[in-house]
Amino acid sequence: MAHDRAALLDVDGTLVDTTYLHTLAWWRAFHRNGHSPTMTQVHRLIGLGSSRLVEAIAGEARPELVEAQVGCFEELRPEATVIPGARELVRWLADQGLAVVLATSGRAEDTDHLRGLLDVEDALAAVVSASETDEAKPDPDIFRLGLEKVGVPPEQAVAVGDTVWDVRAATATGVPCIAVLTGGIGASELADAGAALVCDDPDDVRARAGDGPLATLTGARHASTPRAAT
(Lines give C-alpha, C1' and ligand atoms only; values in the text may rest on other atoms or scores of the structure.)
Protein backbone atom coordinates (compact mmCIF):
# COMPACT_ATOMS: atom_id res chain seq x y z
CA MET A 1 0.00 0.00 0.00
CA ALA A 2 1.38 3.42 -1.00
CA HIS A 3 1.59 6.13 1.67
CA ASP A 4 2.16 9.85 1.47
CA ARG A 5 2.40 10.47 5.24
CA ALA A 6 4.19 8.64 8.04
CA ALA A 7 4.47 8.35 11.82
CA LEU A 8 7.85 7.32 13.22
CA LEU A 9 7.35 5.74 16.64
CA ASP A 10 10.03 5.03 19.20
CA VAL A 11 9.41 1.80 21.11
CA ASP A 12 11.19 1.67 24.50
CA GLY A 13 9.58 4.10 26.91
CA THR A 14 7.11 5.30 24.28
CA LEU A 15 5.03 2.21 23.49
CA VAL A 16 6.49 -0.36 25.89
CA ASP A 17 7.34 0.29 29.55
CA THR A 18 11.02 -0.70 29.48
CA THR A 19 12.91 2.48 30.34
CA TYR A 20 13.53 1.53 33.95
CA LEU A 21 14.28 -2.09 33.04
CA HIS A 22 17.01 -0.79 30.72
CA THR A 23 18.19 1.53 33.49
CA LEU A 24 18.52 -1.37 35.92
CA ALA A 25 20.21 -3.57 33.31
CA TRP A 26 22.82 -0.92 32.53
CA TRP A 27 23.32 -0.17 36.24
CA ARG A 28 24.00 -3.84 36.92
CA ALA A 29 26.34 -4.11 33.94
CA PHE A 30 28.40 -1.13 35.11
CA HIS A 31 28.50 -2.16 38.76
CA ARG A 32 29.54 -5.71 37.88
CA ASN A 33 32.41 -4.35 35.81
CA GLY A 34 34.09 -1.79 38.01
CA HIS A 35 31.94 1.32 37.57
CA SER A 36 29.45 2.81 40.02
CA PRO A 37 27.10 5.30 38.35
CA THR A 38 23.87 6.20 40.09
CA MET A 39 20.54 5.08 38.70
CA THR A 40 19.80 8.72 37.88
CA GLN A 41 22.95 9.05 35.77
CA VAL A 42 22.06 5.92 33.83
CA HIS A 43 18.39 6.81 33.39
CA ARG A 44 19.17 10.13 31.76
CA LEU A 45 21.18 8.34 29.06
CA ILE A 46 18.60 5.68 28.18
CA GLY A 47 17.68 5.94 24.51
CA LEU A 48 21.20 6.95 23.54
CA GLY A 49 23.09 4.41 21.42
CA SER A 50 24.83 1.77 23.56
CA SER A 51 28.39 2.75 22.60
CA ARG A 52 27.76 6.40 23.38
CA LEU A 53 26.07 5.54 26.67
CA VAL A 54 29.10 3.51 27.73
CA GLU A 55 31.51 6.26 26.75
CA ALA A 56 29.45 8.84 28.63
CA ILE A 57 29.86 6.89 31.87
CA ALA A 58 33.07 4.90 31.46
CA GLY A 59 34.91 7.57 29.49
CA GLU A 60 35.99 5.14 26.78
CA ALA A 61 34.74 2.41 24.49
CA ARG A 62 34.09 -0.78 26.47
CA PRO A 63 32.44 -3.42 24.25
CA GLU A 64 32.32 -5.85 27.15
CA LEU A 65 29.99 -3.49 29.01
CA VAL A 66 27.61 -3.49 26.07
CA GLU A 67 27.60 -7.28 26.08
CA ALA A 68 27.09 -7.33 29.83
CA GLN A 69 24.06 -5.08 29.48
CA VAL A 70 22.58 -7.39 26.85
CA GLY A 71 22.70 -10.27 29.30
CA CYS A 72 21.31 -8.20 32.15
CA PHE A 73 18.42 -6.94 30.04
CA GLU A 74 17.56 -10.42 28.80
CA GLU A 75 17.00 -11.36 32.46
CA LEU A 76 14.55 -8.46 32.87
CA ARG A 77 12.89 -8.44 29.45
CA PRO A 78 10.03 -10.81 30.44
CA GLU A 79 8.82 -8.10 32.83
CA ALA A 80 8.22 -5.59 30.02
CA THR A 81 4.62 -4.45 29.57
CA VAL A 82 2.79 -2.39 26.97
CA ILE A 83 2.11 1.21 27.98
CA PRO A 84 -1.65 1.87 28.20
CA GLY A 85 -2.94 3.39 25.00
CA ALA A 86 0.05 2.33 22.90
CA ARG A 87 -1.77 -0.24 20.77
CA GLU A 88 -4.67 2.14 20.29
CA LEU A 89 -2.30 4.92 19.15
CA VAL A 90 -0.61 2.67 16.58
CA ARG A 91 -3.92 1.51 15.15
CA TRP A 92 -5.41 5.00 15.16
CA LEU A 93 -2.45 6.39 13.21
CA ALA A 94 -2.76 3.59 10.66
CA ASP A 95 -6.51 4.24 10.40
CA GLN A 96 -5.72 7.88 9.54
CA GLY A 97 -3.75 6.63 6.54
CA LEU A 98 -0.27 7.18 7.97
CA ALA A 99 2.50 4.65 7.38
CA VAL A 100 3.37 3.59 10.94
CA VAL A 101 7.08 2.88 11.38
CA LEU A 102 8.65 1.52 14.56
CA ALA A 103 12.03 3.23 14.76
CA THR A 104 14.16 2.18 17.72
CA SER A 105 17.75 2.28 18.93
CA GLY A 106 17.17 -1.15 20.47
CA ARG A 107 18.68 -4.41 19.27
CA ALA A 108 16.79 -6.41 16.68
CA GLU A 109 16.31 -9.28 19.16
CA ASP A 110 14.76 -7.00 21.77
CA THR A 111 12.65 -5.26 19.16
CA ASP A 112 11.24 -8.58 17.98
CA HIS A 113 10.23 -9.46 21.53
CA LEU A 114 8.56 -6.09 22.10
CA ARG A 115 6.73 -6.31 18.78
CA GLY A 116 5.25 -9.55 20.04
CA LEU A 117 3.98 -7.76 23.14
CA LEU A 118 2.51 -4.90 21.12
CA ASP A 119 0.67 -7.25 18.75
CA VAL A 120 0.01 -4.59 16.10
CA GLU A 121 1.84 -6.13 13.15
CA ASP A 122 -1.09 -5.62 10.80
CA ALA A 123 -0.94 -1.86 11.45
CA LEU A 124 2.80 -1.48 10.78
CA ALA A 125 4.31 -0.36 7.48
CA ALA A 126 7.97 -0.86 8.50
CA VAL A 127 10.33 -1.49 11.42
CA VAL A 128 13.86 -0.13 11.87
CA SER A 129 16.25 -1.12 14.69
CA ALA A 130 19.80 -0.07 15.52
CA SER A 131 21.21 -3.16 13.80
CA GLU A 132 20.23 -1.67 10.42
CA THR A 133 22.13 1.61 10.75
CA ASP A 134 25.66 2.80 11.46
CA GLU A 135 24.58 5.25 14.14
CA ALA A 136 21.83 5.15 16.76
CA LYS A 137 19.89 8.11 18.14
CA PRO A 138 20.45 11.03 18.50
CA ASP A 139 21.86 10.65 14.98
CA PRO A 140 19.07 10.77 12.40
CA ASP A 141 19.98 7.49 10.64
CA ILE A 142 17.18 5.40 12.17
CA PHE A 143 14.44 7.91 11.38
CA ARG A 144 15.84 8.56 7.90
CA LEU A 145 15.86 4.87 7.10
CA GLY A 146 12.31 4.56 8.37
CA LEU A 147 11.18 7.26 5.97
CA GLU A 148 13.12 5.68 3.12
CA LYS A 149 11.41 2.34 3.73
CA VAL A 150 7.96 3.85 3.28
CA GLY A 151 8.93 6.47 0.68
CA VAL A 152 7.67 9.46 2.65
CA PRO A 153 9.47 12.84 2.80
CA PRO A 154 10.30 14.39 6.21
CA GLU A 155 7.83 17.23 5.76
CA GLN A 156 5.01 14.68 5.59
CA ALA A 157 5.96 12.85 8.77
CA VAL A 158 5.81 13.11 12.53
CA ALA A 159 7.82 11.31 15.23
CA VAL A 160 6.73 10.24 18.69
CA GLY A 161 9.33 9.53 21.38
CA ASP A 162 10.08 9.83 25.06
CA THR A 163 13.68 11.09 25.25
CA VAL A 164 15.69 14.12 24.22
CA TRP A 165 17.57 11.73 21.91
CA ASP A 166 14.34 11.00 20.03
CA VAL A 167 13.61 14.72 19.75
CA ARG A 168 17.10 15.52 18.49
CA ALA A 169 17.09 12.65 16.00
CA ALA A 170 13.73 13.74 14.64
CA THR A 171 14.81 17.37 14.40
CA ALA A 172 17.97 16.36 12.53
CA THR A 173 15.76 14.40 10.13
CA GLY A 174 13.52 17.42 9.55
CA VAL A 175 10.56 15.78 11.30
CA PRO A 176 8.60 17.40 14.16
CA CYS A 177 8.55 15.29 17.31
CA ILE A 178 5.73 14.75 19.79
CA ALA A 179 7.27 13.81 23.12
CA VAL A 180 5.60 11.70 25.80
CA LEU A 181 6.40 11.65 29.52
CA THR A 182 6.27 7.85 29.88
CA GLY A 183 10.07 7.53 29.85
CA GLY A 184 10.51 9.69 32.93
CA ILE A 185 12.03 12.76 31.26
CA GLY A 186 10.51 16.09 32.28
CA ALA A 187 8.25 18.14 30.03
CA SER A 188 10.44 21.25 30.16
CA GLU A 189 13.54 19.31 29.14
CA LEU A 190 11.74 17.69 26.21
CA ALA A 191 10.36 21.06 25.13
CA ASP A 192 13.80 22.67 25.43
CA ALA A 193 15.20 19.91 23.22
CA GLY A 194 12.77 20.98 20.52
CA ALA A 195 9.65 18.84 20.97
CA ALA A 196 6.75 20.27 18.95
CA LEU A 197 4.27 19.04 21.57
CA VAL A 198 4.65 17.28 24.93
CA CYS A 199 1.93 14.79 25.94
CA ASP A 200 1.42 12.69 29.03
CA ASP A 201 1.20 9.33 27.27
CA PRO A 202 -0.03 7.61 24.07
CA ASP A 203 -3.68 8.27 24.96
CA ASP A 204 -2.88 11.97 25.34
CA VAL A 205 -1.22 12.01 21.89
CA ARG A 206 -4.54 10.97 20.37
CA ALA A 207 -6.56 13.27 22.61
CA ARG A 208 -4.45 16.25 21.52
CA ALA A 209 -4.13 15.32 17.86
CA GLY A 210 -5.55 18.70 16.89
CA ASP A 211 -2.96 20.65 18.90
CA GLY A 212 0.31 19.85 17.11
CA PRO A 213 1.90 18.33 14.03
CA LEU A 214 -0.65 15.51 13.82
CA ALA A 215 -3.34 18.09 13.00
CA THR A 216 -1.66 18.75 9.66
CA LEU A 217 -1.09 15.10 8.81
CA THR A 218 -4.51 13.82 9.83
CA GLY A 219 -6.40 16.87 8.60
CA ALA A 220 -8.16 19.54 10.60
CA ARG A 221 -11.44 17.75 9.89
CA HIS A 222 -10.43 15.09 12.43
CA ALA A 223 -11.61 16.12 15.85
CA SER A 224 -9.45 15.40 18.86
CA THR A 225 -9.89 11.85 20.05
CA PRO A 226 -11.08 11.25 23.63
CA ARG A 227 -8.68 9.48 25.97
CA ALA A 228 -9.25 5.77 26.33
CA ALA A 229 -11.14 4.71 29.44
CA THR A 230 -8.95 3.44 32.26
Side-chain angles (χ1 to χ4, degrees), residues 6-26 39 42-48 73-74 76-96 98 100-107 109-130 137 142-143 146 158-167 169-170 177-187 189-191 193 195-209 211-214 224-230:
L8 304 167
L9 305 183
D10 174 60
V11 178
D12 290 285
T14 301
L15 302 177
V16 184
D17 199 3
T18 51
T19 295
Y20 294 99
L21 297 179
H22 279 294
T23 299
L24 179 56
W26 276 113
M39 288 278 191
V42 175
H43 171 251
R44 297 189 63 76
L45 297 172
I46 297 300
L48 192 63
F73 183 69
E74 285 179 350
L76 297 167
R77 194 169 59 193
E79 299 181 48
T81 57
V82 176
I83 291 173
R87 293 190 186 98
E88 291 80 0
L89 174 61
V90 171
R91 295 192 180 281
W92 181 81
L93 290 167
D95 287 344
Q96 305 309 304
L98 277 68
V100 180
V101 181
L102 300 187
T104 172
S105 291
R107 299 186 313 133
E109 296 88 343
D110 294 332
T111 302
D112 288 345
H113 176 80
L114 300 181
R115 286 169 66 181
L117 290 180
L118 281 167
D119 191 26
V120 291
E121 292 298 300
D122 58 314
L124 301 179
V127 178
V128 181
S129 67
K137 300 169 188 173
I142 289 173
F143 283 155
V158 65
V160 182
D162 67 296
T163 69
V164 296
W165 320 118
D166 293 315
V167 177
C177 186
I178 298 172
V180 289
L181 302 179
T182 44
I185 303 301
E189 188 169 357
L190 293 166
L197 180 69
V198 179
C199 296
D200 292 338
D201 51 34
D203 278 335
D204 199 30
V205 174
R206 289 194 301 140
R208 298 177 62 189
D211 296 344
L214 273 175
S224 294
T225 305
R227 292 176 64 94
T230 58

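The structure presented is a predicted model; accordingly, all values stated were derived computationally and were not measured.
At a threshold of 4.5 Å between non-hydrogen side-chain atoms, the residues L214 and L93 count as touching. Contact check for L9 versus V90: side-chain heavy atoms found under the 4.5 Å cut-off. Counting heavy atoms from C-beta outward, D204 and V180 have side chains that stay 4.5 Å or more apart. The shortest side-chain heavy-atom distance between D201 and P84 does not fall under the 4.5 Å cut-off. Looking at T163 and R44, their side chains never come closer than 4.5 Å, going by heavy atoms from C-beta outward. Inter-residue side-chain proximity for V101 and L8 is flagged as met; some heavy-atom pair is nearer than 4.5 Å.
The two atoms that bring D10 and T104 nearest to each other are OD1-CA, 4.4 Å, heavy atoms only. Of all non-hydrogen atoms in T182 and G13, the two that sit nearest each other are OG1-O, 2.6 Å. Across every non-hydrogen atom of A170 and C177, the tightest pair is CB-CB, 3.7 Å. Taking every heavy atom of both residues into account, T18 and A80 meet most closely at CG2-CB, 3.5 Å. The two residues V42 and W26 have their closest heavy-atom pair at CG1-CB, 3.5 Å. Considering all non-hydrogen atoms of both residues, K137 and W165 come closest at CB-O, 4.1 Å.
In this structure a side-chain-to-backbone donor-acceptor pair under 3.5 Å is missing from S105 to A130. Between the side chain of H43 and the backbone N or O of G183, at least one donor-acceptor pair lies under 3.5 Å. At least one donor-acceptor pair under 3.5 Å links the side chain of T14 to the backbone N or O of D162.
With D122 as reference, R91 is the one residue of R115, R91, R87 to meet the salt bridge (Lys or Arg N to Asp or Glu O under 4.0 Å) rule. When D112, T111, V100 are each tested for a side-chain contact (heavy atoms from CB on, under 4.5 Å) with V127, only one passes: T111.
Interatomic distance, CG of L102 versus CG of L114, reported as 9.5 Å (0.5 Å rounding). Considering CG of L190 and CD1 of I178, their distance stands at 12.5 Å, rounded to 0.5 Å. Within the model, atoms OG1 of T19 and CD1 of I46 stand 7.5 Å from one another, a figure rounded to the nearest 0.5 Å. D12 CG to Y20 OH: the interatomic distance, rounded to the nearest 0.5 Å, is 13.5 Å.
Residues satisfying the side chain to side chain donor-acceptor pair (under 3.5 Å) test with E79, not counting sequence neighbours, are none. Scanning for ring-ring contact (aromatic ring centres under 6.0 Å, His included) contacts around H113 gives an empty result, with sequence neighbours left out.
With respect to D110 and R77, a salt bridge is recorded, a charged nitrogen being found less than 4.0 Å from a carboxylate O.
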